[in-house]
Each structure stands twice: as structure tokens, then as C-alpha cells.
Asker: 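Below are the C-alpha cells for one structure; questions will follow.
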Amino acid sequence: MEEIYMEIERKFLINNIDNLDLTKYKKKSIIQDYLYFDRLSCIRKRKIESNNEIKYTYTIKTDKTGISVNEIEKEIDEKTYNSLEKNDKYITINKDRYIIPYKNHKIELDIFKDKYEGIIFAEIEFESVEIANNFEFPKWFGKEISENITNAEMATNDMKSVIKDI
């Protein structure tokens, strides 16, 4: 199944999750490798583990403008996933994602591991820019970083550069 859509998303830095009981929420473990990245587009593959199931996806993102980006995502099989060679120029992004329901939307809480251990982002996708701009976010959200950094940019930088950007 292939999905083509405009992703409208706001992203925030999270400084503290001590008051969240993450055991209450659906968890996905994500390994994300970038195959190509430039200022106009990025291509990635993902391995997503959730509830003892594994899913693989191939994604192309183009034309990022503000909080919007065109996204084409296709579920692929393991053989195809393994045949897509990881580009050694890029850092593998490894994170746990928790899906937290909030005001008829979903917070995707990303807790990074390995190279970016200690970084936590929260993202919410919206149906329109207008809804995104008028949405009331939880008090525990920190600084907005929607236009500061993408995961693809993280895959091309070191921790020092990422910290500077966020």
C-alpha cells in the first residue's frame, strides 16, 4: 500500500518525561536509515517493531516548506528493505516512539537511542496549517523546533551540531 500526502507537522523538544507513564501507550521501536538527502528531498527506509510485529517502509519526502512536506510512503517486504543499501554517509536513527492520544490528535513521542541518546521530541500531525497554528499544545512540551531540524538532518550531523540546531 502506497500513501501520498502532504504531511503537516509541528515538532517540540521535550526536556522532561518523568510525569508520563509511558507503559500506558503504544510503543514502536524504529530503525531509520537514509539512502539520500539534499535540501529538496530525502529518501529513507524504516524497520518498525511493535507488538512482536515487524513492518518495513520506504519513504520519499520532498518540497519541505515550513511545517509542511510532501510525503510518499510505501510498505515494503523484508527482502526489499534489505536490498536497499544503507548510505554510509548517514547516521542510523534509532528511537522508540510512543503514541499518546491528545485532543483528537496523536502525539508521537520520540525517545532517541544510540548516537542521540537523551534527545526527546514530540510531534503532532495536522489536517491543515490553520489547525496546526491554532492548536493548544500540552504544557510539558518545550521549545518548538518544527523548522529547526529534521531526522534527515540529524542523520547528517554530529550531536554537537544537532544540539546547536535545537
Side-chain angles (χ1 to χ4, degrees), residues 1-14 17 20 22-65 67-101 105-127 145-166:
M1 180 173 81
E2 183 175 276
E3 286 186 69
I4 302 171
Y5 62 98
M6 173 68 71
E7 179 183 68
I8 301 166
E9 176 179 84
R10 289 183 65 187
K11 181 188 306 189
F12 295 82
L13 184 62
I14 304 301
I17 57 170
L20 292 177
L22 296 180
T23 62
K24 297 186 333 189
Y25 306 112
K26 181 179 177 183
K27 176 185 172 187
K28 300 176 182 180
S29 294
I30 300 171
I31 298 172
Q32 190 164 290
D33 284 307
Y34 287 85
L35 311 176
Y36 177 79
F37 172 72
D38 66 22
R39 64 182 189 79
L40 299 175
S41 61
C42 73
I43 301 171
R44 73 169 186 232
K45 67 177 186 174
R46 268 187 177 168
K47 178 181 180 180
I48 305 162
E49 293 185 56
S50 179
N51 298 328
N52 297 320
E53 291 182 19
I54 299 175
K55 176 179 156 181
Y56 302 93
T57 61
Y58 177 81
T59 305
I60 301 169
K61 291 188 177 194
T62 63
D63 300 325
K64 181 167 175 47
T65 306
I67 62 171
S68 303
V69 66
N70 291 317
E71 183 170 304
I72 302 166
E73 186 166 84
K74 179 179 173 112
E75 192 166 335
I76 58 176
D77 60 27
E78 183 178 11
K79 183 179 178 183
T80 303
Y81 173 86
N82 289 330
S83 73
L84 296 169
E85 252 184 71
K86 177 187 178 317
N87 188 326
D88 290 332
K89 289 190 333 189
Y90 308 124
I91 299 163
T92 295
I93 302 292
N94 191 350
K95 61 189 176 182
D96 286 333
R97 171 172 285 173
Y98 293 87
I99 309 301
I100 303 172
H105 286 78
K106 291 185 294 188
I107 296 170
E108 295 179 338
L109 184 73
D110 289 345
I111 301 174
F112 290 84
K113 301 190 244 181
D114 300 334
K115 175 103 176 156
Y116 294 113
E117 184 87 32
I119 294 179
I120 304 171
F121 292 159
E123 304 172 343
I124 301 180
E125 288 188 25
F126 298 95
E127 301 80 28
I145 55 172
S146 300
E147 297 184 47
N148 296 33
I149 193 149
T150 64
N151 285 348
E153 291 165 334
M154 288 174 73
T156 62
N157 286 302
D158 59 20
M159 178 68 119
K160 188 177 178 180
S161 298
V162 169
I163 296 296
K164 188 181 105 198
D165 289 342
I166 58 175

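A quick note: this is a predicted structure, and the numbers were derived from the prediction, not measured.
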Asker: List the atom of N87, the atom of Y34, and the distance in Å for their closest heavy-atom pair.
Answerer: CB-O, 3.5 Å

Asker: So does M154 get a backbone contact from the side chain of Y116, meaning a donor-acceptor N/O pair under 3.5 Å?
Answerer: yes

Asker: With side chains defined as the heavy atoms from C-beta onward, is the minimum distance between D110 and E123 less than 4.5 Å?
Answerer: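 Side-chain contact under 4.5 Å: yes.
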
Asker: Ion pair present between E73 and R44, side-chain N to carboxylate O less than 4.0 angstrom?
Answerer: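 Salt bridge flag = yes for R44 with E73.
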
Asker: Scan side-chain atoms only and decide if D96 and Y98 contain a donor-acceptor pair under the 3.5 Å cut-off.
Answerer: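 There is no such pair (donor and acceptor under 3.5 Å, judged by atom type) between the side chains of D96 and Y98.
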
Asker: If every non-hydrogen atom of T80 is compared with every non-hydrogen atom of S83, which pair is closest and at what distance?
Answerer: O-OG, 2.7 Å

Asker: Where is the tightest heavy-atom contact between I67 and S146, given as atom of each residue plus distance?
Answerer: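 Closest heavy-atom pair between I67 and S146: CG2-CB, 3.7 Å.
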
Asker: From L13 CG over to I120 CD1, what is the distance, rounded to the nearest 0.5 angstrom?
Answerer: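 Answer rounded to 0.5 Å: 8.5 Å.
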
Asker: Output the distance between atom CD1 (I163) and atom CD1 (I149), rounded to the nearest 0.5 Å.
Answerer: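 Reported value, rounded in 0.5 Å steps: 9.0 Å.
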
Asker: With a 4.5 Å cut-off on side-chain heavy atoms, are I60 and Y36 touching?
Answerer: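 With C-beta onward as the side chain, the pair stays apart.
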
Asker: Using atom types as modelled and distance alone, determine if a side-chain donor or acceptor of Y90 lies under 3.5 Å from a backbone N or O of F37.
Answerer: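 Pair found, side chain donor or acceptor close to backbone of F37.
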
Asker: Using side-chain heavy atoms (C-beta onward) and a distance below 4.5 Å, is K26 in contact with S50?
Answerer: yes

Asker: Is any side-chain heavy atom of R97 less than 4.5 Å from a side-chain heavy atom of I99?
Answerer: yes

Asker: Measuring from I30:CD1 to T92:OG1, what's the distance to the nearest 0.5 Å?
Answerer: 13.5 Å

Asker: State, with a plain yes or no, whether a side-chain heavy atom of E125 is found less than 4.5 Å away from one of E7.
Answerer: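 Yes. Closest side-chain heavy atoms under 4.5 Å.
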
Asker: Can you give me the closest heavy-atom contact between K115 and I91, atom names plus distance?
Answerer: CE-CD1, 3.7 Å

Asker: Would you say the side-chain atoms of N51 pair up with the backbone N or O of E53, donor to acceptor, closer than 3.5 Å?
Answerer: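 Not a single qualifying donor-acceptor pair exists.
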
Asker: Look at the aromatic rings of F112 and F121 and report parallel, tilted or perpendicular, splitting at 30° and 60°.
Answerer: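 It falls in the perpendicular class, over 60°.
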
Asker: Roughly how far apart are E127 CD and I8 CD1, rounded to 0.5 Å?
Answerer: 8.5 Å

Asker: Taking the side chain from K61 and the backbone from V69, do they hold a donor-acceptor pair closer than 3.5 Å?
Answerer: no

Asker: Tell me, yes or no, whether the heavy-atom count around K113 atom NZ, taken from other residues, nucleotides or ligands under 6.0 Å, exceeds 12.
Answerer: yes

Asker: Do I54 and E49 pass the side chain to side chain contact (heavy atoms under 4.5 Å, CB included) test, and can you show the C-alpha distance, the side-chain angles, and the key distance before you say yes or no?
Answerer: CA-CA 5 Å; I54 299 175; E49 293 185 56; 3.7 Å; yes

Asker: Report yes if the side chains of E108 and K95 come closer than 4.5 Å at any heavy-atom pair, otherwise no.
Answerer: no

Asker: Give, for atom CD1 of I107 and atom CG of L20, the distance between the pair rounded to the nearest 0.5 Å.
Answerer: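 Result: 8.5 Å between the selected atoms.
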
Asker: Could you go through the side chain to side chain contact (heavy atoms under 4.5 Å, CB included) check for L109 and L22 one step at a time?
Answerer: CA-CA 10 Å; L109 184 73; L22 296 180; 3.7 Å; yes

Asker: Would you indicate whether the side-chain heavy atoms of F12 and I124 approach each other to under 4.5 Å?
Answerer: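 Sidechains of F12 and I124: no contact.
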
Asker: With side chain to side chain contact (heavy atoms under 4.5 Å, CB included) as the criterion, how do I43 and Y58 come out once you've worked through the C-alpha distance, each side chain's angles and the decisive distance to 0.1 Å?
Answerer: CA-CA 7 Å; I43 301 171; Y58 177 81; 3.4 Å; yes

Asker: Rounded to the nearest 0.5 Å, what's the gap from CD1 on I14 to CD1 on I145? Could you check?
Answerer: 8.5 Å

Asker: With a sphere of 6.0 Å drawn around NZ of K64, does it hold more than 12 non-hydrogen atoms of other residues, nucleotides or ligands?
Answerer: yes

Asker: Does some side-chain heavy atom of Y56 sit less than 4.5 Å from a side-chain heavy atom of K45?
Answerer: no

